[in-house]
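Letters A, B, ... mirror the listed sequences (proteins, then strands); counts begin at 1.
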Number of protein chains: 2
Amino acid sequence: MAAETGSAPVGATQTTIRVIEALRELDAAGVSAVADHIDVPTSTAFDHLRTLEQNEFVRREGDEYVLSSQFLEIGGYCRNNDHLYRTAEPELQKMANETGEHANLMIEEFGRGVFYAKAKGRETFRLDTHIGKRVNLQTTSAGKAILAELPDDRVEEIVDDHGLPGITEHTITDRADLFEELDTVREQGFATDTEERLKGVHCVGAALTDDDGDPIGAVSVSGPKNGMQDERFFDDIPELVLRTANVIEVNMKYQ
Amino acid sequence: MAAETGSAPVGATQTTIRVIEALRELDAAGVSAVADHIDVPTSTAFDHLRTLEQNEFVRREGDEYVLSSQFLEIGGYCRNNDHLYRTAEPELQKMANETGEHANLMIEEFGRGVFYAKAKGRETFRLDTHIGKRVNLQTTSAGKAILAELPDDRVEEIVDDHGLPGITEHTITDRADLFEELDTVREQGFATDTEERLKGVHCVGAALTDDDGDPIGAVSVSGPKNGMQDERFFDDIPELVLRTANVIEVNMKYQ
DNA sequence: CCTCGCTTCCGGCTCTACCGGAACGGTTAT
DNA sequence: ATAACCGTTCCGGTAGAGCCGGAAGCGAGG
């Protein structure tokens, strides 16, 4: 989360958000645990928890507070009304069925990649990527596909904001390397990820662009490294991913 | 949403929440549209929108504000850490595969049913149930299964709070009918829904209970009315749903 | 160039968010 | 039993901040 320590216009809301963050980090916690965590008096934490509870953002579980499913509800509602999601979701399913691998839809927000939707293939190895999860764009194929469609100065800005932290030994951590990689992506038309975010996982991603050529997201397929190699990884899967991306782009316009 | 008009301890937070609700209802809106909608000066709406934006709960799209995927992120994160979800999710998948229909996991929160997870079967007719969607418990099979495991006075309380509004012509709208139905559910061990929330859709649901016998959720299968009839609807599917519920209950304890 | 609608900024007044402290309630130890 | 202790809940005063009106930017359109 941003944790802008700069003064927010509405300080009380800022405090409430800190309470939410605390509950998220603590999973379940009592009033005083929350108060300690964000360094406010218990009475203050209590006021905010109660306000959140009244609005059903927080629920009591025994003698502790937990975040409710209200967040999921709002997020799910917005996503369900989203034209991109509605258009892409069925195509994701198809892609997952055809490949047997996981298919993902990513969007960019605040300079980071959001796993916006996923479809499971036959291989149901457990992914760490919960819905909505945010990652640095350069660590995924879909993210790199998006970056490749953004103007250079915007990429610079994103790198300035979020850096290039190494997640695995294969993650791109150098700025020049990144731009070189983005050149390759633009040449190929698709992006790859060879264990750059998760050991043992390979991905192929392609950007979705609007009429102006601006990226509105990206789709990708991810699977175990062993099954994702050679022609399948460099030809078959990319072709399918690109075709799917194309179908989604077209359907975005005419329905 | 609750819309507790009673005074919240932290009024500023209450206002922020109203801004969020407004954005949700308006989909995308400018400062003044939000201000009008919740009847505050534009400058106030602006302050709150800016605070939300700084914390990445709201994003600018052109010259309008929209809710960001932050809600999905928080909700998805919590769900992913949830023992019930982690345990039930793979079983849902299996159930969807075996039946070819949609499989759902519902939990109860604030007296309403939350569609907490779903797995798609082969029949991919478009459901209106986005993830996190809240419904009145008595309108779904999973919800009735949960109600059947709650003490009568709690059921009374829930009905008092949320009423028994009719959604389709088959929805239970009478209190006595509801209790009669819950008796049947307890006898059978599972609950059914014959077009009580959606025309043309039948469901079968079974509750998940903890060691104390309190319901922690319910699983259900829903499909088109035509395919969900006779032995399949009254025997085969119920058996599978009950078996799945049982597997989840056991796995909850030993892993 | 002027108008109009919207967003953004600014500063003062008043209200309220915040806090300390006290009461309450449940649990454990003596 | 009873006391001690922990966390939660309640309460009231104060000073600091949220709210608001008004004005300044800023585009779009005539």
Between [X] ([atom1]) and [N] ([atom2]), how many Å, whole number?
X	N	atom1	atom2	value
B:Q54	C:dT8	CD	P	13 Å
A:D47	D:dT8	CG	P	14 Å
B:L26	C:dC6	CG	P	14 Å
A:L49	D:dC10	CG	P	13 Å
B:E64	C:dC6	CD	P	11 Å
A:R50	C:dA17	CZ	C1'	15 Å
A:Q14	C:dA17	CD	P	16 Å

Proximity to the side chain of [X] - top-ranked nucleotide from [options]:
X	options	value
B:F46	C:dT8, D:dC20, D:dT9	C:dT8
B:P41	D:dT8, D:dC20, C:dA17	D:dC20
A:R60	D:dC20, D:dC19, D:dT9	D:dT9
B:T44	D:dG18, D:dG7, D:dC20	D:dC20

Between [X] and [N], does any side-chain N or O lie under 4.0 Å from OP1 or OP2?
X	N	answer
A:S32	D:dT8	yes
B:T15	D:dC19	yes
B:H48	D:dG18	no
A:Y65	D:dT9	yes

Could you walk me through whether A:E108 and A:R154 pass the salt bridge (Lys or Arg N to Asp or Glu O under 4.0 Å) check? CA-CA 12 Å; A:E108 179 258 330; A:R154 175 66 184 138; 3.1 Å; yes
In sequence, state the C-alpha distance, the side-chain angles, and the governing distance for A:T209 and A:E149, and then conclude on side chain to side chain donor-acceptor pair (under 3.5 Å). CA-CA 8 Å; A:T209 56; A:E149 298 295 331; 5.6 Å; no
So for A:S43 and C:dG20, does any side-chain atom that can act as donor or acceptor lie under 3.5 Å from a complementary atom in the base?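 Donor-acceptor pair under 3.5 Å: yes.
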Aromatic A:Y65 / basic A:R59 pairing, under 6.0 angstrom, 45° off normal: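 Checked: cation-pi criterion not met.
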Does atom CD of A:E180 have more than 12 heavy-atom neighbours from other groups under 6.0 Å away?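 Check fails, neighbour count at 12 or below.
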Does atom CG (A:D160) have a neighbourhood of more than 12 heavy atoms from anything else shown, all under 6.0 Å?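 It does: A:D160 CG has more than 12 such atoms within range.
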Comparing A:A12 and B:T42 on DNA chain D - which has the more 5′ nearest nucleotide: A:A12
